[in-house]
Amino acid sequence: MTRTIVVGAGMTGLATAWHLQEYGHEVEVLERIDVAAGSSWGNAGWLAPGKTIPLSNSSLWAYGPTALFDKHAALDVPVRVDPKLWRFCANFMAHATGRAWDKTMAGLTKADLAALAAFDELEAGGVDATTQEGPFIIGFENEKKAGGFLKEVEGAQRHGQEIPFERITLDDARVDAPMLTDKVGATYRMGGQRFIEPGPYCQAIADSIVERGGKVTTGVEVVEVRSTRKPAVKLATGEWLHADNVVLATGAWLPKLAKSLGVNTLIQAGRGYSFSVETEQPATCPVYLPDPKIACTPYQGRFRVAGTMEFRGPDEPFQPGRVASIIHTTKPFFRGIDWDDRQDEWVGSRPVTPDGLPLVGATKVPNVYTNGGHGMWGIILGPLSGKMLAKQIETGEVDETIKPFNPLRGPFGGL
Ligand SMILES: Cc1cc2nc3c(=O)[nH]c(=O)nc-3n(C[C@H](O)[C@H](O)[C@H](O)COP(=O)(O)OP(=O)(O)OC[C@H]3O[C@@H](n4cnc5c(N)ncnc54)[C@H](O)[C@@H]3O)c2cc1C
């Protein structure tokens with residue numbers, strides 16, 4: 001039986017392991033902390049192909065410099081001597097053009113179109129979790145502020161997505177999102193999207209892997225990967241574990257193990273924060289405030305509020321000021337919320353690449369692969385990436401959906 005080790009128990013690693021079992025592999029997932037201990041826990045849980053678009057875009061040239069001097073801005077880049085960080089920022093900004101946006105969007109679209117079906121497949125195959133249909137309610141202070149967002153929706157449609165999208169009244173929006181205040185002057189409804197509770201969903205995949213005879217071992221850190229005749233991983237304890245294949249799915253920590261395997265596309269932790277609050281009247285669906293970049297989702301009977309893009313190291317301490325900024329920018333748009341009654345405060349690191357494309361496929365080292373670098377969209381794209389990487393490992397064939405995600409495309413991604 002083919003034995004495959006997957007390092008990292010986030011959405012991408014778990015989905016890969018699950019799909020390898022479909023091909024009959026004996027799988028072991030090795031995880032440093034616990035299932036969904038990285039970015040796959042406190043995120044917004046949006047399965048929104050219509051929003052699964054490049055992060056870098058031309059509006060950054062105006063937004064970036066103002067954000068640097070606004071302590072409440074969603075984008076937070078610490079001013080410090082950090083050549084790696086500034087190299088990443090320079091490359092990220094080099095992709096902030098209409099041409100680069102179109103190139104990345106073209107690379108994402110096939111995966112976007114197949115992403116939701118990959119969740120249906122997990123559930124049909126025994127993963128005990130469900131996705132929920134939207135709609136998504138989107139609010140702006142006024143119509144003028146909606147321009148950039150409308151352009152993004154139009155861009156995704158131009159690349160081949162059908163996105164039911166309409167302007168609605170505030171009263172109509174309040175049917176699903178009763179917390180919106182009168183400060184919300186322009187409201188839209190986006191259909192065709194879904195959402196999940198991401199932590200419990202990942203746990204359900206992990207449980208399914210174990211039920212089908214696989215292993216999910218937590219509390220073990222992999223410190224090195226090598227391949228001579230067969231690949232092997234070294235644990236922090238010094239023990240070596242051998243396998244026929246190794247998949248690295250270590251999120252924002254991917255470069256630590258993958259750089260020496262020829263995967264030299266830069267990955268920066270784009271740290272986001274979230275917490276949950278009670279609302280006087282519950283929302284039935286996700287709510288998005290694109291201007292302050294706040295993404296909210298119903299979660300365990302409460303309302304998860306998520307936001308910010310903080311370019312720090314993935315292991316740096318939680319910054320309480322970021323939560324204060326989320327509250328500061330969100331409060332005027334929401335009513336009936338006790339902001340002091342926060343639970344589940346969390347920071348997680350999106351694995352962001354300069355060109356906005358993931359790193360899914362073979363490394364330079366035989367039988368060692370990566371599945372990561374999904375940035376803002378590793379939850380929606382994780383199951384599809386896992387399915388297609390499993391197919392590549394088993395058959396050698398690189399599916400069209402992940403062809404643009406070649407992990408050996410170089411330090412600057414698509415440029
Ligand atoms: C605020 C916020 C909101 C978001 N909202 C959405 C959304 O709505 N929809 C969406 O699609 N995406 C969203 N994302 C992005 C999404 O969370 C990530 O893209 C995704 O979780 C990445 O999954 P992953 O499995 O690649 O990495 P992770 O979930 O970070 O998993 C990596 C795992 O590897 C483990 N690990 C690391 N190094 C080692 C090692 N050496 N040995 C063993 N284990 C190791 C870590 O402990 C971790 O558990 C959001 C992110 C944030 C921060």
Side-chain angles (χ1 to χ4, degrees), residues 5-17 29-49 51-53 55 74 111-112 115-116 119 136 193-199 201-202 205-206 216-225 233-236 241 246-258 267 269-275 286 288 293-297 299 304-310 314-315 322-323 326 346-353 358-360 370-386:
I5 287 176
V6 177
V7 188
M11 180 57 103
T12 61
L14 292 166
T16 311
V29 181
L30 301 175
E31 163 58 47
R32 196 173 55 133
I33 304 170
D34 208 344
V35 169
S39 193
S40 295
W41 191 82
N43 62 78
W46 291 8
L47 311 182
K51 266 298 293 162
T52 304
I53 60 175
L55 174 60
D112 285 359
L116 295 182
F119 282 85
F136 280 38
Q193 322 294 308
R194 303 190 206 168
F195 61 101
I196 55 169
E197 293 188 348
Y201 203 103
C202 287
I205 304 175
V216 178
T217 309
T218 56
V220 284
E221 184 177 9
V222 171
V223 292
E224 196 181 332
V225 184
V233 299
K234 185 183 181 187
L235 306 184
L241 299 179
V246 168
V247 177
L248 301 178
T250 50
W253 297 269
L254 193 68
K256 267 190 174 175
L257 296 171
I267 292 190
R271 304 196 332 162
Y273 289 72
S274 73
F275 53 83
Y288 185 33
K293 307 190 193 313
I294 299 296
C296 308
T297 318
Y299 179 76
R304 177 173 277 171
V305 181
T308 89
M309 176 65 75
E310 182 192 46
D315 297 311
R322 291 279 76 207
V323 169
I326 291 178
W346 174 85
V347 60
S349 293
R350 305 172 184 92
V352 181
T353 58
L359 301 160
V360 184
T370 62
N371 192 357
H374 293 78
M376 304 264 288
W377 305 118
I379 296 300
I380 175 169
L381 295 179
L384 189 264
S385 300

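Values below: all heavy atoms of this structure, side chains included; hydrogens, waters and symmetry mates excluded. Order of appearance sets the numbers: ligands from 1, and atoms from 1 within every ligand. Numbers here are sequence positions counted from 1.
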Would you check whether [X] has a nitrogen or oxygen atom less than 3.5 angstrom from a nitrogen or oxygen atom of ligand 1?
X	value
Gly307	no
Val222	yes
Ser39	yes
Ala306	no
Met11	yes
Gly372	no

Query raised in the report: Is Arg304 close enough and on-axis enough to Trp46, meaning under 6.0 Å and within 45°, for cation-pi?
Result: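 Because its charged atom misses either the 6.0 Å distance or the 45° angle limit, Arg304 does not stack over Trp46.
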Query raised in the report: Does NZ or CZ of Arg32 fall inside the cone over Trp253's six-membered ring, less than 6.0 Å from its centre and within 45° of the axis?
Result: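 Satisfied, under 6.0 Å and within 45°.
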Which part of [X] is near ligand 1, with near meaning a heavy atom under 4.0 Å away: side chain, backbone, both or neither?
X	value
Trp253	side chain
Ala252	neither
Arg271	neither

Does any non-hydrogen side-chain atom of [Y] lie less than 4.5 Å from one of [X]?
X	Y	value
Phe136	Lys51	no
Arg350	His374	no
Val347	Thr308	no
Met11	Pro198	no

Examine ligand 1 and decide if any of its atoms is less than 4.0 Å from a heavy atom belonging to [X].
X	result
Ala249	yes
Gly382	no
Gly375	yes
Val220	yes

Please report the interatomic distance [atom1]([X]) to [atom2]([Y]), rounded to the nearest 0.5 Å.
X	Y	atom1	atom2	value
Leu30	Glu221	CG	CD	11.5 Å
Leu248	Thr370	CG	OG1	7.0 Å
Leu359	Asn371	CG	CG	9.5 Å

What protein heavy atom is closest to [atom], reported as residue, atom name and distance in Å?
atom	result
atom 47 (O) of ligand 1	Glu31 OE2, 2.7 Å
atom 44 (N) of ligand 1	Arg32 N, 3.0 Å
atom 14 (N) of ligand 1	Met376 O, 3.3 Å
atom 51 (C) of ligand 1	Arg350 CG, 3.4 Å
atom 20 (C) of ligand 1	Gly378 CA, 3.8 Å
atom 34 (O) of ligand 1	Gly8 CA, 3.4 Å

Between the candidates [options], which shows the shortest non-hydrogen contact distance to [atom]?
atom	options	value
atom 36 (N) of ligand 1	Val6, Thr250, Leu30	Thr250
atom 11 (O) of ligand 1	Val233, Ile380, Thr12	Ile380
atom 9 (N) of ligand 1	Tyr273, Trp46, Phe195	Trp46
atom 22 (C) of ligand 1	Gly251, Gly219, Ser40	Ser40
atom 4 (C) of ligand 1	Ile379, Leu47, Asn43, Ile326	Asn43

Query raised in the report: Parallel, tilted or perpendicular for Trp41 and Trp346, by the 30°/60° rule?
Result: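 Ring orientation, 0 to 90° scale: tilted.
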